[in-house]
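Below is one structure; the comments refer to it alone.
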2 protein chains.
Amino acid sequence: MSASDQAPATADDVFAALASPVRRDLLRLLLGGTRTVNELAAHFDMSRPSVSEHLRVLRDARLVSERKAGRERHYSLEPRPLLELRDWLNPYEKFWRQRMRALRDALEEEP
Amino acid sequence: MSASDQAPATADDVFAALASPVRRDLLRLLLGGTRTVNELAAHFDMSRPSVSEHLRVLRDARLVSERKAGRERHYSLEPRPLLELRDWLNPYEKFWRQRMRALRDALEEEP
DNA sequence: ACAATACGTAGGATATTTCCTACCTGTCAA
DNA sequence: TTGACAGGTAGGAAATATCCTACGTATTGT
């Protein structure tokens with residue numbers, strides 16, 4: 001399963017990709033716009049090849065895309081999997097609101 | 001760093017906890033309400049002690065809480081870290097809306 | 001043409017995760 | 001009291017993750 005597959009990324013891929021703080025930092029950097037590998041690697045106390053590997057994990061999870069431009073590779077943020085994460089989160093937000101409502105009701109009953 | 005600490009869970013703990021599909025299934029089961037360890041373990045093709053370890057990871061991330069009741073332990077969902085995850089997601093949703101807006105504007109320009 | 005640059009891949013060392021079985025403590029019920 | 005049950009912990013095997021250096025390939029500039 002490499003980044004060149006057209007198959008959609010699984011939730012597993014996305015959650016696993018987000019588990020690394022390095023990869024979350026990479027996503028945050030890409031919020032500022034497209035970046036080359038060297039530009040990204042400059043932010044880390046880590047070898048460039050290791051950053052390349054993290055980028056591959058992010059690519060496999062469809063969280064970033066790459067565009068070849070001469071000898072550079074321009075990486076861009078692809079927010080769609082994060083929107084699916086928001087959908088995953090939705091039932092838990094509902095749960096949260098129910099709990100808040102119950103707490104408020106209990107407080108109103110005994111003032 | 002055990003679950004008995006009062007220190008708040010880090011984003012790292014939360015993302016790492018969510019990286020396992022078993023632990024995400026545990027959270028989903030707890031959406032239905034409080035469950036004992038045995039009730040939870042019954043849903044998995046895995047030994048009960050292994051489920052216990054997954055529960056510890058979720059506890060350390062403050063994603064679940066436990067309440068002792070006789071010889072049972074009742075586990076409950078604690079949605080607060082997931083709400084922080086939603087906050088983490090926020091800038092990416094803004095990014096997404098910007099991108100959608102740009103696409104829409106481009107389409108209007110060239111109909 | 002040739003050196004330098006950008007970046008990926010290979011192979012490997014080490015750390016971490018994930019599962020197991022064995023075992024322990026605390027609680028309940030007969 | 002004693003046996004059964006709930007569930008955590010210990011120790012270890014196997015798989016995976018994370019980093020490195022060395023190297024290969026494609027592109028650019030001189």
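By convention in this document, chain letters (A, B, ...) are assigned in the order of the sequence lines, proteins followed by strands, and residues within each chain are numbered from 1.
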Checklist entry - In whole angstroms, how far is the C1' atom of D:dA17 from the CG atom of A:Leu58? => result 14 Å
Checklist entry - Pairs in or reaching into residues 42-76 of chain B: which pass ring pair (Phe, Tyr, Trp, His ring centres under 6.0 Å), with residues at least two apart or in two chains? => result none
Checklist entry - Does A:His54 put a side-chain nitrogen or oxygen below 4.0 Å from OP1 or OP2 of D:dC19? => result yes
Checklist entry - Is the backbone of A:Glu66 close enough, under 3.5 Å, to the side chain of A:Arg73 for a donor and an acceptor to pair up by distance? => result no
Checklist entry - Is there a donor-acceptor pair under 3.5 Å between the side chain of B:Arg24 and the backbone N or O of B:Leu18? => result yes
Next on the checklist: Using salt bridge (Lys or Arg N to Asp or Glu O under 4.0 Å), reason through B:Glu84 and B:Arg80 one step at a time and then give a plain yes or no.
Outcome noted: CA-CA 7 Å; B:Glu84 290 166 15; B:Arg80 195 181 304 269; 5.8 Å; no
Checklist entry - Are any side-chain N or O atoms of B:Arg35 and backbone N or O atoms of B:Ala41, one a donor and one an acceptor, separated by less than 3.5 Å? => result no
Next on the checklist: For B:Arg62 versus B:Pro81, what's the shortest heavy-atom pair and its separation?
Outcome noted: O-CG, 3.3 Å
Next on the checklist: If I take atom CG in residue B:Asp60 and atom C1' in nucleotide D:dG8, what distance separates them, rounded to the nearest angstrom?
Outcome noted: 14 Å
Item to check | Length of the line joining B:Leu55:CG and D:dA6:P, which is rounded to integer Å | outcome: 15 Å
Next on the checklist: Nearest whole Å is fine: how far is D:dT16 C1' from A:Asp13 CG?
Outcome noted: 14 Å
Next on the checklist: Tell me whether A:Glu93 is salt-bridged to A:Arg86, with the criterion being a basic N under 4.0 Å from an acidic carboxylate O.
Outcome noted: no
Item to check | DNA chain C: 5'-most and 3'-most nucleotides touching chain B, 4.0 angstrom heavy-atom criterion | outcome: C:dT18 to C:dC28
Checklist entry - If you group Ile, Leu, Val, Met, Phe, Trp and Tyr by side-chain heavy-atom gaps below 4.5 Å, do A:Trp96 and B:Val64 land in one group? => result no
Checklist entry - For the helix from C:dA1-D:dT30 to C:dA30-D:dT1, how many degrees between its two end axes (five pairs per end), to the nearest 10°? => result 20°
Checklist entry - Hey, any chance A:Leu58 and A:Val37 share a hydrophobic cluster, counting ILVMFWY side chains that come within less than 4.5 Å of each other, even indirectly? => result yes
Checklist entry - Considering residues at least two apart in sequence or located in another chain, which fulfil the ring pair (Phe, Tyr, Trp, His ring centres under 6.0 Å) criterion with B:Phe95? => result none
Next on the checklist: Using the side-chain contact (heavy atoms from CB on, under 4.5 Å) definition, which of the options B:Leu63, B:Leu85, B:Leu31 pairs with A:Tyr92?
Outcome noted: B:Leu31
Next on the checklist: Can you pull out the residues from residues 28-50 of chain A that lie within a 4.0 Å heavy-atom distance of DNA chain C?
Outcome noted: A:Thr36, A:Val37, A:Asn38, A:Arg48, A:Pro49
Next on the checklist: Can you list, in residue-number order, the parts of residues 68-79 of chain B that come under 4.0 Å of DNA chain D, counting heavy atoms only?
Outcome noted: B:Arg71, B:Glu72, B:Arg73, B:Tyr75
Checklist entry - Atom CD of A:Glu66 and atom C1' of D:dA26: how far apart are they, to the nearest Å? => result 13 Å
Checklist outcome for this item: When every non-hydrogen atom of A:Leu82 is compared with those of B:Leu89, the smallest separation belongs to O-CD2, 3.7 Å
Checklist entry - Taking NZ, NE, NH1 and NH2 as the nitrogens, is one of them in A:Arg101 or A:Asp105 under 4.0 Å from a carboxylate oxygen of the other? => result yes
